[in-house]
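Reminder, nothing fancy here: chain letters follow the sequence lines and each chain counts from 1.
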Amino acid sequence: MSDKDHFVEIRHAQKSYGSLEVLKDISLNVERGQIVAIIGPSGSGKSTLLRAINDLDPLTGGEVWLDGVQVNKSLPHRQYEKHINEMRQQVGMVFQHFNLFPHMTARENVTMAPMLLKGLSKAEADKLAEEQLDKVGMLDRIDYYPSRLSGGQKQRVAIARALAMKPKLMLFDEATSALDPELVDEVNMVMKKLAEEHMTMIIVTHEMDFAASVCDRVLFMDQGVVVEEGPPSVVFKNPTKDRTREFLRKHLAGAA
Amino acid sequence: MDIDLMMRVYPFFLTAAWTTIQLSVLTALLGLAMGALGASARLSRFALVRFIGAAYVSLFRGTPALIQLFILYFGGPQIGIQLDAFEAGVIGLGINAGAYMTETIRGAIISIDKGQREAGRTLGLSQWQATYKIILPQAARLMVRPLGVNLNMLIKATALVAAISVVELTYTAQRYIGSTYKPFEMFLLAGVLYMIIIYATGRAVAWLDRRVQIT
């Protein structure tokens with residue numbers, strides 16, 4: 001079997017809360033540099049699947065592999081903690097509600113983890129923060145506290161914070177869903193920029209246009225299963241499954 | 001009202017007020033330490049530790065502080081605990097205050113959005129790193145005012161140690177009533193001094209609360 005050749009590999013992912021099964025035997029491979037969008041109605045399990053990749057929502061069955069290493073290894077508690085902290089340093093995550101640290105400035109949000117976990121000096125970390133915040137167009141607000149930033153600005157700082165750890169993989173969990181419509185573009189621009197740099201990304205999104213324009217592959221999930229997957233041109237333009245058509249019809253109508 | 005008498009005895013009340021302040025400070029420090037321990041226990045991932053934390057809180061909030069002081073001071077020697085009145089006062093009230101502070105501290109910690117810890121863990125922080133870098137600095141800011149309320153209650157509760165003969169404000173007032181037969185003046189004097197202590201503490205807490213807020 002050569003299946004560990006894939007950069008990200010999810011094998012037979014299964015997740016239940018009691019008797020409620022939210023992920024039903026999902027397998028998914030993502031190659032280095034690929035950008036994959038996961039779409040689907042709320043409650044379809046797409047966020048749960050994304051959060052399983054860095055074990056934020058541990059699977060009840062199945063395996064997650066990243067770059068040849070199993071993420072959700074079965075280990076004694078202490079060893080597992082050490083292992084998962086190392087894995088998570090390699091995976092950046094961006095949340096719907098930003099989750100910036102409100103007691104830290106934009107700069108401190110970005111420098112905290114590299115200083116604490118990678119032993120960067122204050123000067124090195126400051127330089128890193130300036131680079132990353134510049135990249136997301138937030139250098140001019142570097143010493144602002146999150147309370148003084150707009151939603152779009154917060155999300156860009158959150159992306160810079162994740163990038164500062166130099167991740168191999170970025171996960172976006174509805175990164176623009178909580179934003180006012182006029183602030184969505186500034187975040188999408190940053191994500192596009194990452195796409196141009198061939199960052200591997202898995203994106204849970206409700207934005208079909210954005211998914212169509214940047215993603216190599218789209219997964220449509222419903223009720224814990226992948227209903228349909230393929231390049232955006234196929235999934236969006238010529239979906240083969242009724243459920244996909246139904247979802248897209250509703251969603252695109254709702255968005256218009 | 002016998003103002004002359006009040007003017008004559010008030011220096012003794014000031015000395016007593018100093019004892020009340022010392023009692024309050026030591027009780028508050030012990031209470032904070034117990035509160036921090038109690039809150040850690042209540043939030044532990046081990047069920048047994050959580051149970052011990054919960055038992056501590058319900059035991060000490062569920063019985064009168066006066067009874068707790070009596071058990072410690074009068075009952076203590078029977079089981080080999082010998083404390084002078086001041087020590088018993090500080091320890092008894094401190095453990096009692098700690099039970100209330102446990103809930104204050106725990107409340108502040110659990111009110112921090114769980115996305116905060118998640119964001120930290122996602123960056124690769126350990127559970128403990130996320131706690132002290134992300135959760136505690138935010139929770140500490142939220143704790144200032146409710147801990148101020150605990151402090152206010154605690155200062156007033158120091159009056160209870162008069163019952164185990166610690167020579168603080170309330171005990172001093174009672175003693176002077178014995179020789180002057182002027183309960184109105186003596187309790188009034190004690191009351192005014194309590195109010196000054198509590199007012200000053202309240203202002204200090206409000207100042208601290210403003211200081212730590214993020215602008």
Please indicate whether [X] has more than 12 foreign heavy atoms, meaning atoms of other residues, nucleotides or ligands, lying under 6.0 Å from its [atom1].
X: B:Gln78; atom1: CD; answer: no
X: B:Tyr10; atom1: OH; answer: no
X: B:Tyr199; atom1: OH; answer: no

Is [X] in contact with chain B via its backbone, its side chain, both, or neither, using a 4.5 Å heavy-atom distance?
X: A:Phe101; value: both
X: A:Met104; value: side chain
X: A:His97; value: neither
X: A:Met165; value: side chain
X: A:Arg161; value: both

Original post:
By a 4.5 Å heavy-atom criterion (distance strictly below it), what part of B:Arg117 contacts chain A: side chain, backbone, both, or neither?
Top reply: neither

Original post:
Hey, what do you get for OG (B:Ser126) to CG (A:Leu117), rounding to the nearest 0.5 Å?
Top reply: 8.0 Å

Subject >> Euclidean distance, A:Met93 CE relative to B:Leu123 CG, rounded to 0.5 Å >> reply: 11.5 Å

Original post:
So which of A:Ile84, A:Asn99, A:Val91, A:Val94 has the largest heavy-atom pair count under 4.5 angstrom toward chain B?
Top reply: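 Most heavy-atom pairs within the cutoff with chain B belong to A:Asn99.
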
**OP:** Quick one: list whatever passes salt bridge (Lys or Arg N to Asp or Glu O under 4.0 Å) with B:Arg121, sequence neighbours left out.
**Re:** A:Glu81

Subject >> Side-chain heavy atoms of A:Met112 within contact of B:Leu125, under 4.5 Å >> reply: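 Yes, side chains in contact.
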
Original post:
Can you check whether A:Pro102 reaches B:Gln116 side chain to side chain, under 4.5 Å on heavy atoms?
Top reply: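 Yes, side chains in contact.
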
Original post:
Who in residues 71-80 of chain A is close to chain B, using a strict under-4.5 Å heavy-atom cut-off?
Top reply: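 Within residues 71-80 of chain A, the residues under 4.5 Å from chain B are A:His77.
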
Original post:
What closest approach, in Å, do B:Thr122 and A:Asn54 show between heavy atoms, and which atom pair accounts for it?
Top reply: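 Shortest heavy-atom separation between B:Thr122 and A:Asn54 comes out as CG2-ND2, 3.7 Å.
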
